[in-house]
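Below: one structure, written as structure tokens.
Atoms considered below: every heavy atom in the structure, side chains included; atoms not considered: hydrogens, waters and symmetry mates. Naming: A, B, ... by sequence-line order, numbering from 1 per chain.
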Protein chains: 2
Amino acid sequence: MSIHLRPSQALRLWQQVSLIEVRGKAPDLTERQLAILLTIYLDPPPHTVRGLAEKLDVSKPVITRALDTMGALKFVSRHRDTADRRNVLIKRTVEGALFVERFGDVVVAKAAELSL
Amino acid sequence: MSIHLRPSQALRLWQQVSLIEVRGKAPDLTERQLAILLTIYLDPPPHTVRGLAEKLDVSKPVITRALDTMGALKFVSRHRDTADRRNVLIKRTVEGALFVERFGDVVVAKAAELSL
DNA sequence: CATGAATGGAACGGAACCGAAACGGTTTTG
DNA sequence: CAAAACCGTTTCGGTTCCGTTCCATTCATG
């Protein structure tokens, strides 16, 4: 089964959520950063810099810098791969999970408010 | 009636749309810029710099600069209010409407792909 | 009119991000 | 082993965005 959504509803939903994000004090992530964070938390591990760069079709430095920013926020953590020490494995954190969870709740709440 | 969405679906939806935006060649707007654009196209006119600044809880220069950027993209246009010449009325454009419409279609399409 | 309030914009310095190239550390290859 | 390939990071120069402050124009008020 799938979610049926009309264009006007979709746009209204996006607007409402965006408004909350813009107005909120929450550390505002770039579109790219948010995409990376959601991918880390939704797609199955392991996650590497190279893998994320390919999935988002961006350069590696973009991923590295995004991880710097989000690492400072404690939303993700980095660990050397003991098997292949060239790799860096990106892992989830409690803070990151809370942020993502809260974000999902906002979307759900705003979706529930949509009038048909 | 309302849209029923589970948190995991909401997050997946956001991720899929974000991925398209990040990967796409489309001129990527800031979170703020997108919120402004959607507000202009969804909320009833007239729209002024001050009004938008209050609605988004940001400073006026933020709106001015966003309008500069989106004006260069032809997504919005500015016109002096003939009644009160201090005001600037922000109006929609064909290009902006197409951009918003296309964005809504992306959300709808990704929502339809969501498995329950 | 003259004064003050309101509106949108400009100016300034600082911070964040970007693309491209180059760099160390690690593993694979020949 | 030496050389090549791979991975993530750093560096560089340039662009964009930001917050704050200040300014020109226009309207309301006495």
Check nucleotides 27-30 of chain C for protein N or O atoms closer than 3.5 Å to its own N or O atoms and list the pairs.
unit_1	atom_1	unit_2	atom_2	d
dT27(C)	OP1	R85(A)	N	3.2

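A parallel orientation is assigned to the rings of W14(B) and W14(A), their planes being inclined by less than 30° (bins at 30° and 60°).
For the pair T64(A) and dG8(D), the criterion of a side-chain N or O lying under 4.0 Å from OP1 or OP2 is not met. When the side-chain nitrogen and oxygen atoms of T69(A) are compared with OP1 and OP2 of dC17(C), one or more of them lie within a distance under 4.0 Å.
Each salt bridge (charged side-chain N to carboxylate O under 4.0 Å, His left out) pair with one or both residues in residues 62-75 of chain B, not counting sequence neighbours, appears once here: D68(B)-R78(B).
For the residue pair H47(B) and L52(B), the shortest heavy atom distance occurs at ND1-CD2, 4.1 Å.
R65(A) comes within contact range of at least one nucleobase, with a heavy-atom separation under 4.0 Å. Within 4.0 Å (heavy atoms only), E31(A) reaches no atom of the nucleic acid at all. R78(B) comes within contact range of the sugar-phosphate backbone alone, with a heavy-atom separation under 4.0 Å but no base atom that close.
If you take CG of D68(B) and P of dC17(D), they are 10 Å apart, rounded to a whole angstrom. Rounded to whole Å, atom P of dG8(C) lies 9 Å from atom CG of L89(B). Protein atom CZ of R50(A) is 11 Å distant from nucleotide atom C1' of dA5(D), rounded to whole Å.
I36(B) and V88(B) fall into different hydrophobic clusters, defined by Ile, Leu, Val, Met, Phe, Trp and Tyr side-chain heavy atoms under 4.5 Å apart, directly or through other members.
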